[in-house]
Amino acid sequence: MGDDPLTPYGNRPMVTPIVNAVNYEYSSFEVLRQITDGEIDGYTYHRDDNPTVRAVESQIALMEGAEDCIVSTTGMAACTMIYLTYLSAGDHVILFHDIYGAHYKVSLILERLGVDITWLDASDWRQIEGHVKPNTKLLFCETPSNPLCKVVDIAAFCDVAHRAGALAVVDNTFATPHHQKPLSLGADMVVHSATKALGGHNDLMAGAIATSKNHYNDLWFTRQAIGTTLDAYSASLLERGLKSLELRAERMTVNAQAMAEMLAGHPKIPRIFYPGLENDPGHEAACKQMHDGFGGLLAFDVGQTQEDAKRFIDALDVIIHAVSLGATESLICIPYLTTMLYMPEERRTSFGVNLNTVRLSAGVEKTEILLEDLKQALDKV
């Protein structure tokens, strides 16, 4: 254990200190030079870096098997940093409809800046290569996807990108690094809305990009320029969440699997999506690239109308009607009315979402309590 002026007797704190400092005193001009030239680790200004933030970045990098990780203020900030870093006017990018709805708003900005965008249905991932152009610079997918839990074969996706000379970016928010490690399957960058399962307690917003050191340096330049560095307090909360991620992910996938199996046989559930079900279209690919379960998210249709879905959600006692996911509490929402509001109405249903589709994020409650809550609510539909 090296010398630490905060703990001179070697009694290292069990929690990384929250360093709220905006700026730092230089002990000499030579130290300033070494810091700014990158010869030594050091800090000058919070927009550049922060000790608490760097601590949590190191932990996420380790979880994803990455050389480094860069953390930002939100998941969408992380995604936008990637776009701003690697796309220029005249470039082409391939996105899937089955990614978080806020990407649509960012796409409008990118198109205004001269970026050409092709939108595909994640169900058609096998046809990606046919949409690659000479100017394709980046392919972005989320798997399992939001909200229908569609599964893209990551290795095949990355192979298409790399043969085109493009970057392959995978959103790993639904799966978490506990169940899936896209970098090991060929991805260049793995992005997270750390607001979700990494944080896990509905009390912070953050984004993360796990990648190589070279890409970290490129992305750091963008973060420093536009000022999307996470605050130290949120970084501390995120570090706390990471400590229990494995335990929470294990519990959430057990609950999600049990709920999916129960709902799959229910007469009031005409359609269900969960990669852990053997008859799910993404099951084969999920078995190949996911481990220790299939994650805590599932989606399903309730009854025949949106009123049926609303009545079902209103009748739930334990599962909470709220947006977001990956929390200790089980959360449910109607994507058409919530997470997809960023998109025009005609686009919300273009890739398989129905008016009565609900998305359920399993929490860490006892399984039998969740199953009973679903049963009693369905009885009222």
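None of the values given here were measured: they were computed from a predicted structure. Values below: every heavy atom of this structure, side chains too, minus hydrogens, waters and symmetry copies.
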Derivation of the side chain to side chain contact (heavy atoms under 4.5 Å, CB included) call for Lys137 and His92: CA-CA 6 Å; Lys137 293 294 190 295; His92 174 243; over 6 Å; no
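- The backbone N or O of Ser330 lies less than 3.5 Å from no partner atom in the side chain of Ser361, so there is not a single donor-acceptor pair.
- Within the 3.5 Å criterion, the main-chain N or O of Thr228 finds no donor-acceptor partner in the side chain of Arg223.
- Formation of a donor-acceptor pair under 3.5 Å by the Glu329 side chain with backbone atoms of Gly363 is not found in this model.
- Atom-to-atom distance recorded for Ile319:CD1 and Leu374:CG is 4.0 Å, nearest 0.5 angstrom.
- For Asn20 against Ala232, the heavy-atom pair with the smallest separation is OD1-CB, 3.8 Å.
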Audit row: Val302, Val381, side chain to side chain contact (heavy atoms under 4.5 Å, CB included) steps and yes/no: CA-CA 8 Å; Val302 179; Val381 175; 4.3 Å; yes
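- Between atom CG of residue Asp153 and atom NZ of residue Lys288 there is a gap of 3.5 Å, rounded to the nearest 0.5 Å.
- Within a 6.0 Å sphere centred on CG of Asp317, other residues, nucleotides and ligands contribute more than 12 heavy atoms.
- Cluster membership for Ile272 and Leu325, using ILVMFWY side-chain heavy atoms within less than 4.5 angstrom, is not shared.
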Working for ring-ring contact (aromatic ring centres under 6.0 Å, His included), residues Phe294 and His283: CA-CA 9 Å; Phe294 299 92; His283 182 69; 5.6 Å; yes
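- Side-chain contact between Val22 and Tyr45: present, with at least one pair of heavy atoms (C-beta onward) separated by less than 4.5 Å.
- By the rule that hydrophobic residues join a cluster once side-chain heavy atoms approach within less than 4.5 Å of another member, Leu370 and Leu360 end up as members of one cluster.
- Residues Thr211 and Val190 form no side-chain contact, since every pair of their non-hydrogen atoms from C-beta on lies 4.5 Å or further apart.
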Derivation of the ring-ring contact (aromatic ring centres under 6.0 Å, His included) call for Tyr104 and Tyr342: CA-CA 7 Å; Tyr104 174 73; Tyr342 299 101; 9.6 Å; no
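- The same ILVMFWY cluster, assembled from side-chain heavy atoms under 4.5 Å apart, contains both Val53 and Met63.
- Residues Arg359 and Leu298 form no side-chain contact, since every pair of their non-hydrogen atoms from C-beta on lies 4.5 Å or further apart.
- Taking a cutoff of 4.0 Å between a charged side-chain nitrogen and a carboxylate oxygen, Arg248 and Glu365 do not qualify as a salt bridge.
- A donor atom on one side chain and an acceptor atom on the other are found under 3.5 Å apart for Asp301 and Thr357.
- Lys268 has no carboxylate O lying under 4.0 Å from a charged side-chain N of Asp379, or vice versa, which leaves the two without a salt bridge.
- Under the 4.5 Å side-chain criterion, counting only non-hydrogen atoms from C-beta, Thr143 is in contact with Val170.
- Counted by atom type alone, Thr16 and Glu239 present one or more donor-acceptor pairs between their side chains at under 3.5 Å.
- Aromatic ring orientation, His215 versus Tyr86: perpendicular (interplanar angle above 60°, classes split at 30° and 60°).
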Side chain to side chain contact (heavy atoms under 4.5 Å, CB included) between Asp98 and Asn146, intermediate numbers included: CA-CA 6 Å; Asp98 314 70; Asn146 190 355; over 6 Å; no
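- A donor-acceptor pair is defined here as one N or O able to donate and one able to accept, closer than 3.5 Å; no such pair exists between the side chain of Trp125 and the backbone of Ala156.
- The side-chain heavy atoms of Ile117 and Trp119, taken from C-beta on, include a pair separated by under 4.5 Å.
- In this structure, Asp188 contributes its side chain and Val169 its backbone to no donor-acceptor pair below 3.5 Å.
- Within a 6.0 Å sphere centred on CZ of Phe221, heavy atoms belonging to other residues, nucleotides or ligands number 12 at most.
- Criterion: ILVMFWY side-chain heavy atoms under 4.5 Å apart, direct or through other members. Under it, Ile99 and Leu138 are part of a common hydrophobic cluster.
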Give every donor-acceptor pair under 3.5 Å between a side-chain atom in residues 68-85 and any protein atom, sequence neighbours left out.
residue : atom : partner : partner atom : Å
Asp68   : OD1  : Arg54   : NH1          : 3.2
Asp68   : OD2  : Arg54   : NH2          : 3.2
Asp68   : OD2  : Lys213  : NZ           : 2.7
Ser72   : OG   : Thr74   : O            : 3.1
Ser72   : OG   : Ala78   : N            : 3.3
Thr74   : OG1  : Met76   : N            : 3.4
Thr74   : OG1  : Ala77   : N            : 2.9
Thr80   : OG1  : Met76   : O            : 2.8
Tyr83   : OH   : His103  : ND1          : 2.9
Thr85   : OG1  : Met81   : O            : 2.6
Thr85   : OG1  : Thr222  : OG1          : 2.6

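- The salt bridge (charged side-chain N to carboxylate O under 4.0 Å, His left out) test applied to Glu278 returns no partner, not counting sequence neighbours.
- Of the N and O atoms on the side chains of Ser184 and Lys181, not one donor lies less than 3.5 Å from an acceptor on the other residue.
- Using a 4.5 Å cut-off on side-chain heavy atoms (C-beta onward), Lys310 and Ile313 make no contact.
- Taking the charged nitrogens against the carboxylate oxygens, Arg311 and Asp314 have no contact shorter than 4.0 Å, which rules out a salt bridge.
- No side-chain N or O of Asn356 forms a donor-acceptor pair with one of Gln304 less than 3.5 Å apart.
- Using a distance-only test at 3.5 Å, with no hydrogens or angles considered, a donor-acceptor pair links the side chain of His201 to the main chain of Gly199.
- At distances below 3.5 Å, not a single donor-acceptor pair connects side-chain atoms of Ser234 with backbone N or O atoms of Asp231.
- At least one side-chain heavy atom of Leu245 sits less than 4.5 Å from a side-chain heavy atom of Pro177.
- At most 12 heavy atoms of other shown residues, nucleotides or ligands fall within 6.0 angstrom of atom NZ in Lys366.
- Every residue meeting the side chain to side chain donor-acceptor pair (under 3.5 Å) condition with Asp159, not counting sequence neighbours, appears here in chain and number order: Arg163.
- Counted by atom type alone, Gln376 and Glu372 present zero donor-acceptor pairs between their side chains at under 3.5 Å.
- In this structure, the side chain of Thr136 engages the main chain of Lys133 through a donor-acceptor pair within 3.5 Å.
- Separating the CD1 atom in Ile35 from the OH atom in Tyr43 is a distance of 9.5 Å, to the nearest 0.5 Å.
- Tracing side-chain contacts under 4.5 Å through hydrophobic residues (I, L, V, M, F, W, Y), one never reaches Leu277 starting from Leu148; they form parts of separate clusters.
- If you take CD on Glu25 and OG on Ser27, they are separated by 8.0 Å, rounding to the nearest 0.5 Å.
- For the atom pair Leu237 CG and Asp203 CG, the distance stands at 5.0 Å (nearest 0.5 Å).
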Check against side chain to side chain contact (heavy atoms under 4.5 Å, CB included), Tyr233 and Leu238: CA-CA 9 Å; Tyr233 181 69; Leu238 179 53; over 6 Å; no
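- Side chains of Met189 and Leu183 form no contact here, defined as non-hydrogen atoms less than 4.5 Å apart.
- Of the possible polar contacts, one joining the Asn172 side chain to the Gln180 backbone as a donor-acceptor pair under 3.5 Å is found.
- Asn214 and Ser212 are not linked by any side-chain donor-acceptor pair at a separation below 3.5 angstrom, with hydrogens and angles left out of the test.
- Within the model, atoms OH of Tyr274 and CG of Asp280 stand 10.0 Å from one another, a figure rounded to the nearest 0.5 Å.
- Using a distance-only test at 3.5 Å, with no hydrogens or angles considered, a donor-acceptor pair links the side chain of Thr52 to the main chain of Val19.
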